[in-house]
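The structure appears right after this line, and notes come after that.
Everything numeric in this text was worked out from a predicted model, so none of it was measured. First listed ligand is number 1; within each ligand, the first listed atom is number 1.
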Amino acid sequence: MTANIFNFTISATDGAARRGTVSTAHGDIRTPAFMPVGTAATVKGMTPEAVRETGADILLGNTYHLMLRPGAERVGRLGGLHKFMNWERPILTDSGGFQVMSLNELRKIDENGVTFKSHIDGQRFELTPERSMEIQNHLDATITMAFDECTPYPADHETAATSMRRSMRWAKRSSEAFEARQGYGLFGIVQGSTYEDLRLESVNALTDIGFDGYAIGGLAVGEGQEAMFSTLEVTTPAMLADKPRYLMGVGKPDDLVGAVMRGVDMFDCVLPTRSGRNAQAFTRFGTVNMRNARHADDDRPLDELCECPACRNYSRAYLHHLFKAKEILGATLLTWHNLQYYQDIMRGMRAAIEEGSLASYALDFFAAQENGDI
Ligand SMILES: O=c1[nH]cnc2cc3nc(NCc4cccs4)[nH]c3cc12
Ligand SMILES: [Zn+2]
């Protein structure tokens with residue numbers, strides 16, 4: 001049922017992990033949640049119905065791509081992203097800043113925002129906190145992300161402080177420009193690189209502004225899992241306990257389990273979809289490259305225990321053939337499998353938190369990843 005207010009309720013906890021529900025104008029999100037990435041208003045190779053069948057409650061859309069093509073105002077005129085891509089459940093859109101900085105060489109950043117040239121037609125664009133809020137409003141995003149700067153990694157303390165403080169000024173401008181609507185939310189983004197004092201300063205600055213949820217940015221940028229986890233260990237305990245926590249751009253299956261155990265509720269990552277198109281399968285026993293010749297005569301399914309269409313109806317030999325022949329069906333089937341496997345991990349953790357058995361879930365998970373037969 002669609003709520004008319006944006007709300008987060010926690011139904012169980014297990015250590016630092018939380019089992020919750022985010023209720024929104026477009027339906028509920030069961031947390032811990034994984035958001036498939038739908039960059040250009042599509043989860044590549046998947047229909048929205050198929051994405052729903054994997055168990056996803058919410059998708060991510062990219063402001064940078066959509067503002068360039070087909071254009072934010074055009075999507076707005078056509079009824080917004082939900083109608084445009086036929087996904088009526090929650091959609092979170094990012095603010096565009098991260099992708100301008102990571103995808104576009106022809107960009108300039110200053111206190112006001114970022115200016116850049118389109119990689120499609122060379123047209124000049126400007127992204128500011130105010131323009132980003134306007135674009136995400138045209139897209140009719142259920143959850144809007146504040147406009148921030150992801151501090152490059154590594155960064156010395158002074159650089160990280162300067163970058164984080166600019167993002168906090170942009171967070172304030174984002175909050176002031178955001179058009180609040182019943183059932184819609186605005187999330188702030190914590191920065192501060194891997195410095196505990198800066199992370200705490202950023203959490204406090206965002207808490208003072210007041211957001212519907214809080215993302216942890218500036219991670220999954222090459223710092224490695226140990227530094228990511230130690231940064232989470234100092235950051236999540238300082239964040240409001242009754243608001244959703246979203247770790248941006250994460251991650252591999254073991255990142256998800258470790259981050260949920262450290263208090264994270266929401267995730268997005270291109271890995272399951274991008275790897276699926278590149279013949280890499282994520283399974284409970286580890287990753288499998290379906291282009292490897294050893295699969296050519298293997299009549300077994302990818303994973304006997306998986307209920308996705310790829311594992312129910314096809315063999316490894318067939319998947320191997322599809323990738324060798326560069327058939328589109330290979331990308332579709334393996335994308336479906338990877339997304340369903342990611343949702344199975346989230347389902348497993350949601351159930352484990354409800355039972356108070358997340359620690360043993362994690363032990364079994366890591367053991368199978370280590371010595372499974374793949
Ligand atoms: O601080 C951030 N602010 C706003 N968006 C982000 C997205 C992010 N995505 C990753 N990692 C996944 C990656 C995707 C492409 C290159 S790295 N880390 C991220 C950090 C941020
Ligand atoms: Zn499967």
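In the candidate list Ala220, Gly218, Ser167, Gly251, Ala220 is nearest to atom 11 (N) of ligand 1, counting heavy atoms.
Looking at Met145 against ligand 1, nothing comes within 4.0 Å, counting heavy atoms.
Ion pair Arg166/Asp148 not flagged as a salt bridge, since none of the NZ, NE, NH1 or NH2 atoms sits closer than 4.0 Å to an Asp/Glu carboxylate oxygen. Ionic pairing of Arg181 and Asp140 is present here: one or more N-O contacts between side-chain nitrogen and carboxylate oxygen are shorter than 4.0 angstrom. A salt bridge does not link Arg199 to Glu196: none of the charged nitrogens lies less than 4.0 Å from a carboxylate oxygen.
Taking the centre of each ring, Phe125 and Phe116 come in below the 6.0 Å mark. Checked against a 6.0 Å centroid threshold, the rings of Tyr341 and Phe282 do not count as neighbours.
Atoms SG of Cys311 and SG of Cys306, as seen from the Zn ion (ligand 2), are separated by an angle of 110°, to the nearest 10°.
Taking distance alone, with nitrogen or oxygen atoms compared against 3.5 Å, Phe98 stays at or beyond that limit from ligand 1.
Proximity of Gln225 to Asp255: side-chain heavy atoms (C-beta onward) are separated by under 4.5 Å at one or more points.
In this structure, atom 12 (C) of ligand 1 lies nearest to the protein heavy atom Gly249 O, 3.4 Å. Counting protein heavy atoms only, atom 3 (N) of ligand 1 is closest to Asp148 OD2, 2.7 Å. Scanning all protein heavy atoms for the shortest distance to atom 18 (N) of ligand 1 gives Leu219 O, 2.8 Å.
Contact atoms of ligand 1 toward Gly217: 1 (O), 2 (C) (distance under 4.0 Å to a heavy atom of the residue).
In this structure, Glu149 falls outside the shell of residues with a heavy atom less than 4.0 angstrom from ligand 1.
Under the 4.5 Å side-chain heavy-atom criterion for grouping Ile, Leu, Val, Met, Phe, Trp and Tyr, Leu68 is connected to Ile109 within one hydrophobic cluster.
When distances from the Zn ion (ligand 2) to the N, O or S atoms of His337 are compared, ND1 comes out shortest.
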